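Below: one structure, written as structure tokens.
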Amino acid sequence: MAIVLGPNQYGKAENRLVTVTRDGAVHTIRDLTVSTSLRGDLADTHLTGDNAKVLATDTQKNTVYAFAKQAPVGEIEDFALRLGRHFVSTQEAITGARVLIDEHAWERIEGNDHSFVQGTNEKRTTAVTIDGERAWVVSGVRDVVVLKSTGSEFHGFPRDEYTTLQETDDRILATSVTARWRYQTPGGAGDRTTDGIDWAESFTGIRRLLLATFAAKHSLSLQQTLYAMGEAVLEARPEVAEVRLSMPNKHHFAVDLSPFGLTNDNEVFYAADRPYGLIEGAVLRDDAEDAGSAWYTLPSF
Ligand SMILES: O=c1[nH]c(=O)c2[nH]c(=O)[nH]c2[nH]1
């Protein structure tokens, strides 16, 4: 029996980066959380503590801030690709990189050039993986809290000795959507670029589709809604190979008001925060190109 080093990566997690761009008096801010991880020939540091091949996580952090100064950050996908390719092309021992970016939404306060409000906790995300010459881009959205007050049923499930849940043909359906979608590489599996995609337009279109489908789909289960949301994206967006969704069922229980001599016709609910059903799944094209390392170590999937 021998003990060997398994897969590993290392980097600086959750660098908080805020940029201000000035166009005269009008300021624009960007607010990102950037995590970098490097992979490669890193056995020495693990086995003997020889750090000759270890680009310090502190250096990785500094690179994030220096890059933000040297060129406009642009779309988070482009920024992540630039960072990942930089590490892989400048460090001989580093053969792969993973860059995660979450973008926090700020809205301008009406009528003011330099004041902003964080109106939602929602984040636009990307997870870029570089492996040698290849790049995968998995973008997404997190913490999109949605609720429909009708158009949701849940019945027909098995009843065993522990089942107490009542069947319902009208309930509140609420969830906090985490979605990630894997982009096809335009030239197929051998293509080293994903640079032909309009990331901002794609993000806006996909987000709109996810919300519109949640709203319009009459739901017999959150699982059915999840599949419909992924299917809608794949039907409309040829640039996407696969969609993965994680959707907690934020239960709303009708309160029993009978002790007070009152009826409750689906009007008064207790919004429970835990436990919650956790519904997760992937929807993909059956001819999707191989995912390679696109999802490897990604949180939640
Ligand atoms: O949409 C639902 N899916 C389930 O799997 C489930 N389980 C449960 O208790 N309620 C629900 N609702």
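These numbers come from the heavy atoms of this one structure, side chains and all, not from hydrogens, waters or symmetry mates. Fair warning: this is a prediction, and the values are worked out from it, not measured in the lab. Every number for a ligand or one of its atoms is a count from 1 in the order of the listing.
The minimum heavy-atom distance between Val240 and Ile206, with the atom names listed, is CG2-CD1, 3.7 Å.
Distance check, rounded to the nearest 0.5 Å: OG of Ser219 to CZ of Phe214 gives 8.0 Å.
The distance criterion of under 3.5 Å between nitrogen or oxygen atoms is met by Leu222 with respect to ligand 1.
At least one heavy atom of Arg171 sits less than 4.0 Å from an atom of ligand 1.
In this structure, Arg124 forms a cation-pi arrangement with Phe203, its terminal cationic atom sitting closer than 6.0 Å to the ring centre and no more than 45° off the ring axis. In this structure, Arg237 is not positioned above the aromatic face of Trp181 in the sense of NZ or CZ being under 6.0 Å from the six-membered ring centre and within 45° of the axis.
For ligand 1, the atoms sitting less than 4.0 Å from at least one non-hydrogen atom of Gln223 are 1 (O), 2 (C), 3 (N), 4 (C), 5 (O), numbered in the order shown with element in parentheses. Within ligand 1, counting atoms from 1 as listed, the ones closer than 4.0 Å to a heavy atom of Asn249 are 2 (C), 11 (C), 12 (N). Listed by number with element, the atoms of ligand 1 under 4.0 angstrom from any heavy atom of Ser221 are 1 (O).
For Arg30, the side-chain hydrogen bond (donor to acceptor under 3.5 Å, both in side chains) partners at least two apart in sequence or on another chain are Glu103.
The nearest heavy-atom contact from the protein to atom 4 (C) of ligand 1 is Phe154 CZ, 3.4 Å. Atom 9 (O) of ligand 1 has Leu165 CD2, 3.4 Å as its closest protein atom, hydrogens excluded (heavy atom only).
For CD of Glu267, the number of neighbouring non-hydrogen atoms (other residues, nucleotides, ligands) closer than 6.0 Å is greater than 12.
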